[in-house]
Each structure stands twice: as C-alpha cells, then as structure tokens.
2 protein chains.
Amino acid sequence: MENFKEFIIEGRDAFVPCLSLDCVIFGFHSGQLKILLLKMRYDELWALPGGFVYKDEDVDAAAARILRERTGIKDIFLQQLHVFGDPNRSDSKRNKNILEKDGFENGQGDWLTERFITVGYYALVDFSKVELAIDYSSEICEWQDLTSIPSLIMDHSCILKTALERLRKEINYQPIGLNLLPAKFTMPELQSLYEAILGKKLDRRNFQRRMLGYGLVNRLTETRKGGAHKAPYLYTFNNEKYKQALEEGLQGGW
Amino acid sequence: MENFKEFIIEGRDAFVPCLSLDCVIFGFHSGQLKILLLKMRYDELWALPGGFVYKDEDVDAAAARILRERTGIKDIFLQQLHVFGDPNRSDSKRNKNILEKDGFENGQGDWLTERFITVGYYALVDFSKVELAIDYSSEICEWQDLTSIPSLIMDHSCILKTALERLRKEINYQPIGLNLLPAKFTMPELQSLYEAILGKKLDRRNFQRRMLGYGLVNRLTETRKGGAHKAPYLYTFNNEKYKQALEEGLQGGW
DNA sequence: GCAAAAGTGTTTGACCTACACCCATGT
DNA sequence: ACATGGGTGTAGGTCAAACACTTTTGC
C-alpha cells in the first residue's frame, strides 16, 4: 500500500500519459486453456494484468517487464495484439471511486482518470513455471479456465476475445506449443493443447502425422511412465526449426 | 501556414499526448505497387502520412480521418499494423529545428518534441479514386513505386517494411484486391497485383483456377477492348462473399 | 501470317481425411 | 481378461503444380 501511494503520486511524471498495456496471458494445464486474471479491490470484476510505460521505456519492453513482474518468467512469448482506442473504453468513474476509497484527494492520481488508450498484448507461458505475484491494486491473481471466465472490467472481455481469435488464427500458420508446454511433452498432450485452443476434437493419427511432418519435434527414447495404459513417447521441440517456422510460417500459400 | 500555427499552438490541448498515427497507403497502378509519401519541408527526407488523435476521438477513427483528409476516399480498407514504441524512434532534434525555422519560440510546440509512440496503420486504396492533398507540413504528396522508395524520416522505413511483410502474409489467408483495383478489372490485372505484392511471377492458369475457386469474382460478358491482342474478360468482386471471406479467412487450416 | 496475350484442360503427385488394427499397462 | 489409451498404416478424394494447345487481335 505504501507502493500504491507512490505509484499514484509519481505515476503522472513517470509514465507516458494516457497509455496503458494489458496482457492476455495464456497457460495450459490438465487439458484446459487458462488465462491469468486479477481480482480488483473494491470490485466484483476481474481484470487482465496490465500496467504503464515508463517515459523512457520501450513499449514492448514495458509489456515484457509487466509480464515478468507478474509471472516471474523471463523469456516469454509476447506479441502485440491490438490497440484499443475507443474514447469511452475507460471507466473514469470507477477509477475515481477507487482513488477516493483509498483516500486520495484534491487531484492526486487525476492522471488515472484520463481517457486511456491501451495496447493489448498476448503471451503464451509455461503454466508450470509461473510463480504468481499479486500487486497493490489487486487482491487475487489466479488462472481461470477459458471456459468459465468471469465478468471483466472495461473492455477487457473484448481484449480477451480478440486475443483468442488471434491465437486461433495464428495456429494455422505458426507453430504453437513451445511456450505453452513444458520442455518434454507427449503427442497426446500437444494435441490436447490444440484442441483446447481450437475448441474441437482432432483426429489422433492425422494430428501426429502432420506434426511430425513439420519436423519441429524430436521424439525421445523415453516414455511418460506412471499413467495408466500404454506409455506415450516424450518429445521436445527442435528450437532452431521452431524459431525458423515462427519467422517463415508453416504452410506456403502463394 | 496559418493552419500550421494553429496546429502547433492548439495541438497540446487538442490531441492525446505522445501518441501519433502513421499510415502506409498502398495503391496499384500499371503493374506497380505504390506507396503514398510526403516530402517534408526543410528536409531531404520523405515521410508516411500521419497525424494525431483528438482527445475525444477513437484511434481507428482518427486513422480513417487522416486517410480521408489525405486521399479524399471514405470507405477505405484500413487496418492496424503495429505499435512502434522505441523511446528513441522520435527525432526531437529534427522537430526542434523545424519549429525554430518556422519561428516558434519559448516552448510553443514543445509538445511535438516529446517522445512519441506511433500506431502504424496500413491502407489499401483504389489508385484511380485518390485525390491527393498536401498539408501544411509537407510540400509534396505523391505516389512512389515500392521498388524505389527514397529515404524516410525516423523509423518510417521500418513501418513500411512491417506493412509490406504484413500484406504478404495476409494475402495468404485473406482476399485482396477489392480495395486496390477499380470496380471492373481483368484476371491478368488481378494477377499482376498479386505478383507486385509478392514480388514474383505466378502461373496464369493456376492463378485463375484458384481465384475462380474462391468464388469471389464474377465474370462479366464484357471484355476489355482497346488493348492489343486478345481482349480479356472483365470481372467484378462479389462484395458479399468477399466480405465474408475477409471475416472467415480463405483456407481452413485446422 | 506472325507475335503476343488470353482462354482452357490434363496429368501428376502431395497432402489431407477417414477409418481399423495392434500394443502396452493398470485394474 | 479387459478396458483404456497410444502407436501405426492404408485407401480415396481433393487440390495445387506443372505444363501445351488453341483463340483472338493488331501490326
């Protein structure tokens, strides 16, 4: 709370005015696509993790910083999604309320009640590596199933929707998985990830053939033991080829 | 120039601070992909058309306004490209010079020498419908061949490069042409557009089959007469199907 | 009639789809 | 042994690439 006060008082001069960032952070666990959400104080609503850009800071770097602070992960897959610039997207009444409830008066923190333009980002992270951290403006920070997202503040539902649409689009011409899965994974796990993203079932055999066809995964001699039934092979991603595929895209087109 | 003075003096209060827009405007004429560029005063460099967002204006709407003012075209194909947020992208020395040369003193127009974050847009327009308009900060406004782009200010070359990459990517899963071509066009013209965007030759027969296969174009009974050689058929786009394809994408993937 | 551009069709191979059988493991 | 999940192979259809011939038109 000491920090929050500093943030309010120093924010006006420290940050690029009228500009915020919001991140849709996707994770994957036990067959479910998850999203990292914050529960706001004084509010029943949830919010995407976000923040502001320091006056001398690169915008993308600010997004990476915010993600790092929140999840503890460094080399994060993070991409710009869209700029949300509706003049009515901000809820200045809500922000004023919060400031009042926290005891700020006569214009302290006024900069927060301006109209804000936000740059939406989306990130793919390895669920198992994330160490969640709450900050001074939220009381809860947790993963929520994509299938049961609560009500979100402002236009955050719209940002989330846009991120999911983007992810579903990108999966068609970019490799996905390296950032969402642990280093070693099984083919059924990878398929389950695709199914979670796309929201539909895929054929096991065709999925495997296609994946192997891309040449992005290496089969290990190990298998995942311990589960019931036949032990599936473990795979790793071929980082070089994966990187290359990210740049060049997967299927040619023209 | 009277306008320019107003712009400088009133800009601080009228616009969202530290935020600009820049547009890569693609046109197509005589087999060449063209880009609309401005020649700046006091400078050998060229620039992308751009502008600022009024405090109560939607960001995308501002981009549309800027394009409309510049090209006279209303229903423009305009999409967000990327946010360029490097703190060093602005060239505040250059801006200060311009202000001084125009006789602004003691801090008038200081707001322009701040660090700016720009939202890049790209637009596809019908070359034949554009009526160019220069404004008070530029002396020339003209189409330049993509193959011979002059030096650009700040990071505008980077924005242009990003736009071209995006266009080449999008052409793989979106219909392109409705916005770049006149209402009636021939198949070789459409192919020539694709070749200009992709920078390589395509096979006539396969191109035509694929295009017709999408069902986005209607063949007219008319042909384009007057040219030497056999007269090619004219086509129009099927607006409904085109629109639908824009939303749903062209080839399935998963 | 000849050169140049435009219209059309066929063959080939790759890939995607749909589907069935065998194997390994825990209960 | 059996139920469940995982590994693999095959036949059929679709689509895209590669390629050649015919038609029209201006000179």
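Below, chain A is the first sequence line, B the second, and so on; all start at residue 1.
Cation-pi geometry between B/R219 and B/Y233 is satisfied (NZ or CZ under 6.0 Å from the ring centre, within 45° of the ring normal).
Residue B/Q208 has a polar side-chain atom (N or O) positioned under 4.0 Å from OP1 or OP2 of C/dG7. Considering only side-chain N and O atoms, A/R219 lies nowhere under 4.0 angstrom from the phosphate OP1 or OP2 of D/dG6.
Atom-to-atom, OH of A/Y214 to P of C/dC15 comes out at 11 Å; the value is rounded to the nearest Å. For the pair B/Y194 OH and D/dA16 P, the computed distance is 13 Å after rounding to whole Å. Here C/dC15 presents its C1' atom at 17 Å from CZ of A/F207, a figure rounded to the nearest Å. Atom pair A/L212:CG and C/dC16:C1' shows a separation of 15 Å (rounding to whole Å applied). Rounding to whole angstrom units, CG of residue A/L250 and C1' of C/dC16 are separated by 15 Å. For B/Q191 and C/dA5, the CD to P distance is 13 Å, given to the nearest whole Å. Distance, B/E189 CD to C/dG7 C1': 16 Å, rounded to whole Å. Distance, B/M211 CE to C/dG7 C1': 17 Å, rounded to whole Å.
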Check: Base, backbone or nothing for each nucleotide of nucleotides 17-27 of chain C, written B, S, -, heavy atoms under 4.0 angstrom, 5' to 3'?
Finding: BBBB--BBBS-

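Checked for salt-bridge contact, A/E69 and A/R65 meet the test: a charged N lies under 4.0 Å from a carboxylate O.
Within 4.0 Å of A/R224, counting heavy atoms only, lies no atom of the nucleic acid at all.
Among residues at least two apart or in separate chains, there is no side-chain hydrogen bond (donor to acceptor under 3.5 Å, both in side chains) pair with a member in residues 159-168 of chain B. Applying the ring pair (Phe, Tyr, Trp, His ring centres under 6.0 Å) test to pairs two or more places apart or on separate chains, those with a residue in residues 186-210 of chain A are A/Y194-A/F207, A/Y194-B/W254, A/F207-B/W254.
Applying the salt bridge (Lys or Arg N to Asp or Glu O under 4.0 Å) rule to A/R224 yields the partners A/E189; only residues at least two apart in sequence or on another chain are considered. Looking at residues two or more places apart in sequence or on another chain, you find a side-chain contact (heavy atoms from CB on, under 4.5 Å) between B/N206 and B/D203, B/R209.
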Contacts table for residues 23-35 of chain B: side-chain donor-acceptor under 3.5 angstrom, sequence neighbours left out:
from	atom 1	to	atom 2	distance (Å)
B/K34	NZ	B/D145	OD1	2.7

